[in-house]
Amino acid sequence: MTKYLSLFLLIFFSQSLFAQGNRISPVPLKNVKTHRGFWHTRLESAQNVTVPHALHQCEITGRIDNFAIAGGLKKGEFQGVRFNDSDVFKVVEGAAYVLQNKYDPKLDHYLDSLITLFAAAQEPDGYLYTVRTINKDTTGSYDWIAGPYRYSFENGSHELYNVGHLYEAAVAHYEATGKTTLLNIATKNADHLVKTFGPNPGQLVVVPGHEEIEIALIRLYRTTGKKEYLDLSRFFIDMRGRSDKRSLYLDEHKLGPAYFQDQVPFVRQKEAVGHAVRAQYLYAAVADMLTVQDDPKYDAAIQTIWNDATAKKQYITGGVGAREDGEAFDQPYVLPNDNAYAETCAAIANMLWNHKMYLYTGEAKYMDVFERVLYNGFLGGMSVKGDEFFYVNPMASNGKNDFGKGSGAVRHEWFGTACCPTNVSRFLPAVPGYMYATQGNELFVNLFADNEATLTVNDMVVKISQQTNYPWEGNIKMTVSPEKTTNFLLSVRVPGWANGEAIPGNLYYYQDKNSNPVLVTVNGKNVPATIEKGYLKLARTWKKGDVVTLSLDMPVRKVKANEKVKAGKGKVALERGPIVYCAEGHDNSGKALSIPVTSGQIFKSEYRQDFLGGVNVLTSGNVTLIPYYAWANRGANEMAIWFDQK
């Protein structure tokens, strides 16, 4: 038996490595080190402010105590809501990324202490859900608890959602430390799920109510090589629109199956619908699955849905989910400004989805969307200092803290439903891991930041560094240093905005689409800029110290919305490079909502080092605009992105 098992594993890993070896692979986070500049400052904030703040909040709100109580290490009652476990797991994931950026023995030890609590809370068969372990039978408590028996309330319980974030934290922790303590807890739970769910007699068939487990199982598969994790993720995706399992949550809250993306089988879905975070986690999982398993029907569906979401349902900031009701996608082109919802978590989900679409297709347009969200919809969800957050991100505000209508003007250090601050905590320190990727003899540069990365191309160790003041300036100097002189293809993303395209599709467009040519030199000599799939392709024999310079023109652009967007009619927005700008009352005599912009009005760009963490501002006469992400850092006041065009 052992002989045959060993043979099977050898064959399996050979096939698995072959499949993954042909895909585009992101360069690991720990291989990319920032030195100075925009993202280095924010990574330091993640380490010193954001992650410690989130851990502290998890402590004082009882989220961490729940594990100790479930494990019998402390007496007490369950505190909070059913998805609180996930908040702790997300912050642990973020802390693991902090360790990959810069090792901190104190943080490492603290995570060890948390992992001890997780292990204690886990039931003998691998099940882990503190609210049920503490409260036992919760029959009748369908709203905020767990349902009468395991997974009976999966549309609303978050049992699978919580452990999905456990898996992601476990992989991040293993990659950071080499320890398997958390990974063992994750795989024990995943093995329990493999036994519990599936098509076989005695197994459960459910559709996860809040998607996340699908992404996490694939990530766990990539780390462990256990194909049953990949198969279970595929099973959960395949069961959408097919399961007869319907939670009481649907009836109790009058939510249709589309809220959970469960209205029809995935291959028949054509629109981005329902809860925006749940939806995009599902779409990200499908894109990730396709990098491992080709499937034309799933490919057609995910491309159609992406076109719908990107070209019809996305805010200029990259925010998605216009409706407060259900935190959901609205109908095409329904994108209100003052009561926009655009949850911070939905922005993060949008980036995750687009990055996985890029890894699947190799097309730069997905990283263009990623970048738009990164600098606007995502960063707008956190304060400049890094310890206050927005749940919703409107396109305009009257300066009142009217959170219930989605137009909040004051950031908060925490929320009762704390998905947004904890999601920011896990994504912010992970940003360097999205900067580069490789495939065979090709090295992709996807984001621009001052950094140095060590990676492998064609089995050759290559170091690449960037020197740049991006996003404030468009000049990027890249130094390429292979271990030995070697041939490979360097593919540098040319942002869509640098070619006169605001966003893929025609949802937003520049009034003046003319663009100065992208200038490229290698070792000081001009080279032709051949662009394929959005990438500048440089194929040559590289030697240590070769220097590539890229010059991207950054004019101030006036942006118009598609005429079908009612909220954008007669209005104009302004961008420079990847940054969307807004007016805030603090800089404009207390008024922002009534500022007009004329067709010929010229705005000048000026960098202010000691203002809002260091930003470029746009000025024209008595009008001052700041980056959208930097608003609401000086108290409540009016804010607007879109201006009446005179």
Side-chain angles (χ1 to χ4, degrees), residues 151-161 164 193-194 196-201 203-218 221 227-251 253-313 320-321 326 328-332 349-350 352-354 356-357 360-361:
Y151 309 111
S152 60
F153 181 41
E154 177 41 39
N155 275 132
S157 70
H158 290 65
E159 279 160 287
L160 296 178
Y161 170 79
L193 297 190
V194 168
T196 303
F197 299 99
N200 300 319
Q203 290 186 301
L204 297 177
V205 176
V206 303
V207 173
H210 195 312
E211 297 92 328
E212 157 62 18
I213 188 67
E214 300 87 346
I215 303 173
L217 281 164
I218 297 174
Y221 153 72
K227 188 172 179 293
E228 54 264 39
Y229 300 160
L230 174 65
D231 293 341
L232 182 56
S233 177
R234 176 67 182 255
F235 176 77
F236 284 141
I237 296 169
D238 285 345
M239 287 302 101
R240 295 197 169 269
R242 295 185 174 92
S243 171
D244 61 356
K245 300 289 184 181
R246 289 289 182 267
S247 168
L248 293 180
Y249 194 80
L250 285 169
D251 299 328
H253 293 266
K254 297 180 173 58
L255 297 170
Y259 174 84
F260 304 99
Q261 298 74 49
D262 191 25
Q263 68 278 23
V264 294
F266 187 84
V267 295
R268 288 170 45 200
Q269 296 187 23
K270 301 181 183 302
E271 297 178 283
V273 297
H275 190 280
V277 182
R278 300 172 194 241
Q280 291 178 115
Y281 281 176
L282 172 64
Y283 306 152
V286 171
D288 205 11
M289 180 188 74
L290 286 168
T291 66
V292 184
Q293 298 177 333
D294 290 332
D295 189 314
K297 291 183 179 179
Y298 273 90
D299 172 82
I302 198 66
Q303 299 284 1
T304 300
I305 295 169
W306 184 86
N307 287 331
D308 176 69
T310 305
K312 298 178 182 179
K313 298 175 179 177
V320 290
F329 288 101
D330 212 319
Q331 295 300 308
N350 197 10
L352 295 174
W353 177 21
N354 274 277
K356 291 185 185 300
M357 291 293 288
Y360 170 51
T361 67

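The first residue of the sequence shown is numbered 1, and numbering continues consecutively from there.
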J.: Within the side chain of Gln269, is there an N or O that forms a donor-acceptor pair under 3.5 Å with the backbone of Gln261?
T.: yes
J.: Return the CZ to CD distance between Phe153 and Glu159, rounded to the nearest 0.5 Å.
T.: 9.5 Å
J.: Spell out, as yes or no, whether a donor-acceptor pair under 3.5 Å connects the side chain of Asp288 to the backbone of Ala284.
T.: no
J.: Can you name the closest pair of heavy atoms from Val264 and Arg268 and give their distance?
T.: CG1-NH2, 3.7 Å
J.: I'd like to know if the side chain of Arg240 reaches the main chain of Pro208, judged simply by a donor and an acceptor atom lying under 3.5 Å from each other, with no hydrogens or angles considered.
T.: yes
J.: What pair of heavy atoms forms the shortest contact from Val292 to Leu230, and how long is it?
T.: CG1-CD2, 3.7 Å
J.: Given Ile218 and Met289, is the side-chain contact (heavy atoms from CB on, under 4.5 Å) satisfied, shown in steps?
T.: CA-CA 7 Å; Ile218 297 174; Met289 180 188 74; 4.0 Å; yes
J.: Look at the side chain of Glu154 and the backbone N and O of Tyr151, then say whether any donor-acceptor pair between them is shorter than 3.5 Å.
T.: no
J.: How would you list, by chain and number, every residue that makes a salt bridge (charged side-chain N to carboxylate O under 4.0 Å, His left out) with Asp308, sequence neighbours excluded?
T.: Lys313
J.: Of all residues at least two apart in sequence or in a different chain, which pass the salt bridge (charged side-chain N to carboxylate O under 4.0 Å, His left out) check with Glu212?
T.: none
J.: Out of curiosity, Leu160 CG to Phe236 CZ, how far, rounded to the nearest 0.5 Å?
T.: 5.0 Å
J.: Kindly assign one of parallel, tilted or perpendicular to the pair His210 and His158, based on the angle between their ring planes and the thresholds 30° and 60°.
T.: tilted
J.: Ignoring hydrogens and geometry, is there a side-chain-to-backbone donor-acceptor pair from Glu211 to Tyr281 under 3.5 Å?
T.: no
J.: In Å and rounded to the nearest 0.5 Å, what is the CZ to NZ distance from Arg234 to Lys227?
T.: 9.5 Å
J.: Heavy-atom count check: over 12 atoms from other residues, nucleotides or ligands less than 6.0 Å from Gln331 CD?
T.: no
J.: State whether the side chain of Asp262 and the backbone N or O of Gly241 hold a donor-acceptor pair below 3.5 Å, judged by distance alone.
T.: yes
J.: Kindly say whether Asn350 contributes a backbone atom to a donor-acceptor pair with the side chain of Asn354 at under 3.5 angstrom?
T.: yes
J.: Between the main-chain N or O of Ala276 and the side-chain N or O of Gln280, is there a donor-acceptor pair closer than 3.5 Å?
T.: yes
J.: Just verifying a value: how many Å separate Ile213 CD1 and Leu282 CG, rounded to the nearest 0.5 Å?
T.: 13.0 Å
J.: Look only at the side chain of Arg278 and the backbone of Ala328, and say whether a donor-acceptor pair between them is shorter than 3.5 Å.
T.: no
J.: Going by the ring pair (Phe, Tyr, Trp, His ring centres under 6.0 Å) test, name the single residue among Trp306, Trp353, Phe329, Tyr298 that passes it with Tyr283.
T.: Trp353
J.: Applying side-chain contact (heavy atoms from CB on, under 4.5 Å) to Phe266 and Ile302, what does each step give before you reach the verdict?
T.: CA-CA 9 Å; Phe266 187 84; Ile302 198 66; 3.9 Å; yes
